[in-house]
There are 2 protein chains.
Amino acid sequence: MFDEIDIHILEILQEKARIPNAEVARQVGMAPSAVLERIRKLEERGIIEGYEVRLNPACFHQGLSAFVQVESDGAATAQALAEVPSVQEVHQVVGPDGFLVKLRTADHTTLARILGEIRALEGVRSIRTQVVLETVKETRRVDLTEHNGNGRH
Amino acid sequence: MFDEIDIHILEILQEKARIPNAEVARQVGMAPSAVLERIRKLEERGIIEGYEVRLNPACFHQGLSAFVQVESDGAATAQALAEVPSVQEVHQVVGPDGFLVKLRTADHTTLARILGEIRALEGVRSIRTQVVLETVKETRRVDLTEHNGNGRH
DNA sequence: GTTGAAAATTTATAACA
DNA sequence: TGTTATAAATTTTCAAC
């Protein structure tokens, strides 16, 4: 799938995605055009899904995180949950609690309102909420260290 | 904190962070240097935390997600959890289950090994694991729609 | 798949409204 | 703060290897 140079490029981009191509080329010791070509192919193959800016949620009235275990029998529940504003993640999980939902809200008042919305969704039998006191770690970064020196994948 | 133009810029960057400054300037109808200045200040003020490439986890042997409820009495548990490879998130939550941990692994075998590691951490009394069957939605994007037309913040 | 060079575009900087 | 203008740097393309 990719070689060590690709991994190196991805490591650089994971660290800081909005840097010039020429700078990436310098760090991996290749011509800018070659790096551009590799990045293009990584994008085409779906290995790179996209580029995001990481905003500080607290600056946008979204400082409160919570996880909600949703027990549901409705097939359409997942989509309905995904469309609720401030829902950031919806995972279908094994076991009696059908879905695990992550959401961000401004405060406890807003959280209460959102939870009411979720409880009112068709098919939802019960919900159990866990409010986050403090987020110690939160990253989307993929661990690439194991892909170094192993040759091709 | 920021005005409508800032919000517009952030909306564009949330959609696709690795686009030229000049293109952003075109879309908001301003001079590139003015846009660059605004972005710099958003970065300085910590509103923009950084830029990330979004990689496809499945391409890096991280296709299996799971959430682990960790009941613990150790003060250092959070840090220990955060340092476990393949742990992507650690949240301290209200209630008896002290922490909620999100992790990504290659397969069930690896998951079992990681869970063993977590269970062996000092202070951990019990863990309860929820394996993700399917992720319906997973985004870090902040909802900026409410910040439009409301004037300054 | 890579290189190297040319052309188009973008970024950085400074003077100015 | 924003704009324009200029120089420096970068991106992109393409022919050749």
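Each chain gets a letter, A, B and so on, in the order the sequences are listed, and its residues count up from 1.
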Original post:
Distance from Thr135(B) atom OG1 to Glu89(A) atom CD, nearest 0.5 Å?
Top reply: 7.5 Å
Subject >> Close residues, residues 29-55 of chain A, relative to DNA chain D [heavy-atom separation under 4.0 Å] >> reply: Ser33(A), Leu36(A), Arg40(A)
Subject >> Aromatic ring proximity, centroids under 6.0 angstrom, Phe99(B) and His91(B) >> reply: no
Subject >> Any Leu115(B) side-chain heavy atom under 4.5 Å of Thr129(B) side chain >> reply: yes
**OP:** Would you tell me whether Glu15(B) and Tyr51(A) have side-chain atoms, one donor and one acceptor, within less than 3.5 Å of each other?
**Re:** no
**OP:** Using a 4.5 Å cut-off on heavy atoms from C-beta on, say whether the side chain of Ile118(A) contacts that of Leu103(A).
**Re:** yes
Subject >> Range on DNA chain C touched by chain A - first to last nucleotide, heavy-atom distance under 4.0 Å >> reply: dG1(C) to dG4(C)
Subject >> Flag, side chain of Arg141(A) to backbone of Val53(B), donor-acceptor distance under 3.5 Å >> reply: no
**OP:** Answer yes or no: is there a donor N or O on one side and an acceptor on the other, between the side chain of Arg104(B) and the main chain of Pro57(B), under 3.5 Å?
**Re:** no
Subject >> Nucleic acid contacts - residues 8-24 of chain A versus DNA chain D, non-hydrogen atoms under 4.0 Å >> reply: Pro20(A), Asn21(A), Ala22(A)
**OP:** Could you walk me through whether Val124(B) and Thr77(B) pass side-chain contact (heavy atoms from CB on, under 4.5 Å), step by step?
**Re:** CA-CA 7 Å; Val124(B) 171; Thr77(B) 304; 4.0 Å; yes
Subject >> Axis-to-axis angle between the two ends of the helix from dG1(C)-dC17(D) to dA17(C)-dT1(D) (five base pairs per end, rounded to 10 degrees) >> reply: 30°
Original post:
When hydrophobic residues are tied together by side-chain contacts of less than 4.5 Å, even through go-betweens, does Val90(A) share a cluster with Ile127(A)?
Top reply: yes
Original post:
Between Glu44(B) and Arg40(B), is the closest basic N to carboxylate O distance under 4.0 Å?
Top reply: no
Subject >> Start and end of the DNA chain D segment that chain B contacts, any atom under 4.0 Å from a heavy atom >> reply: dT1(D) to dT4(D)
Original post:
Do Gln69(B) and Gln130(A) have side-chain atoms, one donor and one acceptor, less than 3.5 Å apart?
Top reply: yes
Original post:
Using the benzene-type ring in the case of Trp, are the ring centres of Phe60(A) and His147(B) under 6.0 Å apart?
Top reply: yes
**OP:** Kindly say whether Val136(A) contributes a backbone atom to a donor-acceptor pair with the side chain of Gln92(B) at under 3.5 angstrom?
**Re:** no
Original post:
Do any N or O atoms from the side chain of Ser72(A) and from the backbone of Gly123(A) form a donor-acceptor pair under 3.5 angstrom?
Top reply: yes
Original post:
According to the salt bridge (Lys or Arg N to Asp or Glu O under 4.0 Å) rule, which pairs have a member within residues 59-74 of chain B, sequence neighbours left out?
Top reply: Glu71(B)-Arg125(B), Asp73(B)-Arg125(B)
